[in-house]
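Everything on this sheet refers to the single structure shown next.
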Amino acid sequence: MTEILSTGPAVGLRTHWCGELRASDIGATVSLCGWVENRREHGEQLAFIDLRDRTGITQCVVAKAHDLRSEYVLRITGTVQARFEGATNDKLDTGEIELQDCTVEVLSTSEPAPFPIHERTEVDETIRLRHRYLDLRRARLQKNLQVRTIVNAAIRRTFIDNGFVEVETPMLIASTPEGARDFVVPSRLHPGSFYALPQSPQLYKQLCMVGGVDRYFQIARCLRDEDLRADRQFEFTQLDMECSFVGQEEVLDFVTQSVRAAVSDITGEDIGDVPRMTWEEAMERYGSDKPDTRFGMELVELTEVFADTEANVFKAPCVKGIRLEGGAELTRKQIDGLVDRAKLWGAKGLAWMRVVAGERQAPALEGGVAKFLSETESAATITALDAAPGDMVFLVADERPVARHVLGLLRVDLGKPPMDEGSLEFLWVTDFPMFDDELGPDGRPQAMHHPFTMPNAEDLEAGLIESDPTKVRSVAYDLVCNGWELGSGSVRIHRSDVQQRVFDALGIAQEEAQEKFGFLLDAFRFGPPPHAGFAYGIDRLVALLAGETNIREVIAFPKTQKGADPLTDAPSELEPRVLEELGLRVLPRLD
RNA sequence: GGUCCCGUGGUGCAGUUUGGAGUGCACGCCGGCCUGUCAAGCCGGAGGUCGCGGGUUCAAAUCCCGUCGGGACCGCCA
């Protein structure tokens, strides 16, 4: 358990920390405080206590330790002495010394812990969460909380140094119908009315821009009532920023600076300039708007190859493929599993072929749908995919979005390295579409980011919003790392004529816009500056930097996948009188 | 809403394929021995609703159905 933060002064009941003493301290009389990590008895005269605090472990020599059990809290006062020759322990930072002539004070006792505090065995996560206060004693979480502290500090330092002002925005806000499902809070003073908890401080930070704050940032708690995942909790923390009189380039630079500082403070490495890719390119090459660029297996365009095909399975607007190196070994059962999964993901089917050595050892396709391909198609497929004997190739023929999506998921499924493997590959994905490629139930386009996102200037000029809205690009950008979406942002609309055109495209009438975002539109009547911003998930960034594949490991008190807290048993029912005061009645369950 | 995996003393696992007595391993816990250990060692002991319910069977941890809990993912997450 090595401290990565500076420990600060040892004051109060302690004169030193348990990980601190070295040979240079020999002779000093010191007091240490901590928990009993381990006890080794050697009869009536001699015993060893390993005393642990968050900085490490010190061995203390005592005469009798029979009543000093695991996890008892002790204050031990003694003299620092060199260990006997051959009795040093190079696994401990304090292994050259030990405490002798010890006086032990029992500050509190402990029942046996429900799971080992040492980390030689994995423990079921539910049990860890039920006793999170014990889990927090373990080195892993101690380290992760410290990584988090350092990351927060690096971010704060970067933005403050760049003239940003930290503004706290409300947690109890008006519900807006767009976006994720809101968590709602009933109002006691206005029975029947509700606050929402913020999905993000989006509207408030734009109000700050109108307010002349000019450069805003906040380490903000955000809440979204959507299904939980390894990288998603109900409650999460974002670095939220917004900046006036700048565009995309300046925002990307500020954000990169902050991430660069955070990474550097943890790993010592410089991420340098973050490469960029347009959304269109990401979708074409990786089938994802958050591509994991740590590995290849890129999607290959085959539409032209099958332009005039006789094979019905390939008669589609788009044909794309990927190659799995060495994949020819897959069993029929494994392949069937992949085909089933592709169908669950929305494909009509998944075509597969083994690459074998044909005439004169040239690669040839065999099995699966190979018999339906013409010689030309077969040769062109092999060339395009750069396939070699022993490989397997997978093809999807479908609408372009489906082919990209399914192969993108298949690529990750077959090739993704563990989240904590290799280096961090940051990537900016730019030029997101303004609207979803599918029209909404009302036949209108749907905003992909949010309705205040600035459309691409050329597309705006060309009138694409009115003529072909799904082709309109926006000035919106995401930051991606190792296949995780870290965050997103955009240049915002500050001109009412542009805003009107977007609302028109979305089919949002004047009254509706006023009802949904009236306060923002009102504010924008009073001189809104051009502005742009960004927000990224600190939980995710910290997880990446801590080598964790799950953000629960960097959150002190997280919830389970069903949104429960095994420690407090939240969520829980309310007393009837509480409901009454709030003007609420709970309906019987519909089963 | 859906797909998949997991659930066995306090903890981690094996046992489930092919039904045959709660069987085993490691750690922990309790007691004893032990003056240099450090994942101490040795001896002894306690500790079980095999998640829960139902079914099949002479017999279920094991097979079937349901359900609860945990996890990964798809949908969802402007």
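Within every chain, numbering begins at 1; the chains are lettered A, B, ... in the order of the sequence lines, protein sequences first and strands thereafter. In this text the structure is predicted, and so the values were computed from the model without any measurement.
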Any [X] side-chain N or O less than 4.0 Å from OP1/OP2 of [N]:
X	N	value
A:Lys91	B:A39	yes
A:Thr121	B:U11	no
A:Arg229	B:C76	no

With respect to the side chain of [X], which nucleotide from [options] is positioned closest?
X	options	value
A:Arg69	B:C30, B:G75, B:G70	B:C30
A:Ile127	B:G2, B:C77, B:G12	B:G12
A:Glu98	B:G12, B:C38, B:U37	B:U37
A:Gln59	B:C38, B:C29, B:U3	B:C38
A:Arg224	B:C77, B:C73, B:C38	B:C77
A:Lys562	B:G10, B:G70, B:G31	B:G70
A:His405	B:C74, B:C77, B:A39	B:C74
A:Pro116	B:G36, B:A39, B:U11	B:U11
A:His66	B:C38, B:C29, B:G31	B:G31
A:Asp227	B:C76, B:C38, B:G12	B:C76

Over all strands shown, is [X] touching base, sugar-phosphate only, or nothing at heavy-atom distances under 4.0 angstrom?
X	result
A:Asn550	sugar-phosphate
A:Thr88	base
A:Thr176	nothing
A:Ala87	base
A:Gln199	nothing
A:Asp413	nothing

Between [N] and [M], how far apart are the two [atom1] atoms, rounded to whole Å?
N	M	atom1	value
B:G9	B:A61	P	14 Å
B:U18	B:G12	C1'	27 Å
B:G7	B:C63	P	11 Å
B:C50	B:A60	P	12 Å
B:G44	B:C5	C1'	41 Å
B:G32	B:U16	C1'	40 Å
B:A26	B:G22	P	23 Å
B:G1	B:C64	P	26 Å

Counting only distance, no hydrogens or angles, is the base of [N] paired donor-acceptor with the side chain of [X] under 3.5 Å?
X	N	value
A:Arg83	B:C38	yes
A:Arg552	B:G71	no
A:Glu41	B:G41	no
A:Arg232	B:C77	yes

Counting Watson-Crick and G-U wobble pairs only, both distances under 3.5 Å, name the nucleotide matched with [N], or none.
N	result
B:G44	B:C30
B:A60	none
B:U3	B:A72
B:C13	B:G24
B:G53	B:C65

(message) Both A:His42 and A:Phe115 contact RNA chain B. Taking the nearest nucleotide for each, which residue is further toward the 5' end?
(response) A:Phe115
(request) Name the residue closer to the 5' end of RNA chain B, choosing between A:Glu125 and A:Met448 according to the nucleotide with the nearest heavy atom. (result) A:Glu125
(request) Verify the stacking flag for A:Phe48 against B:U37: centroid separation must be under 5.5 angstrom and the ring planes must differ by under 30 degrees. (result) yes
Take atom [atom1] of [X] and atom [atom2] of [N], then tell me their distance rounded to the nearest Å.
X	N	atom1	atom2	value
A:Asp93	B:C38	CG	C1'	15 Å
A:Arg341	B:A72	CZ	P	16 Å
A:Glu111	B:U11	CD	C1'	16 Å
A:Gln561	B:C77	CD	P	17 Å
A:Asp135	B:U11	CG	C1'	13 Å
A:Glu96	B:C38	CD	P	18 Å
A:Leu46	B:C38	CG	C1'	12 Å
A:Glu44	B:U37	CD	P	19 Å

(request) Count the heavy atoms of every other residue, nucleotide or ligand shown that sit under 6.0 Å from CZ of A:Arg495, and state whether that count exceeds 12. (result) no
(message) Take a 6.0 Å sphere around CD of A:Gln510 and say whether it holds more than 12 heavy atoms from other residues, nucleotides or ligands.
(response) no
Should [X] and [Y] count as an ion pair when the cut-off is N to O under 4.0 Å?
X	Y	value
A:Arg229	A:Asp231	no
A:Arg140	A:Glu119	no
A:Arg224	A:Glu235	no
A:Glu242	A:Lys205	yes

(request) Name the orientation class of the two ring planes belonging to A:Phe534 and A:Tyr477 (parallel below 30°, tilted from 30 to 60°, perpendicular beyond 60°). (result) parallel
(request) Can you label the angle between the A:Trp279 ring and the A:Phe432 ring as parallel, tilted or perpendicular, going by 30° and 60°? (result) tilted
(request) Mind checking salt bridge (charged side-chain N to carboxylate O under 4.0 Å, His left out) for A:Asp124 and listing every partner two or more places apart, or none if nothing turns up? (result) none
(message) Could you measure the distance from the CD atom of A:Gln499 to the CG atom of A:Asp504? Nearest 0.5 Å is fine.
(response) 10.0 Å
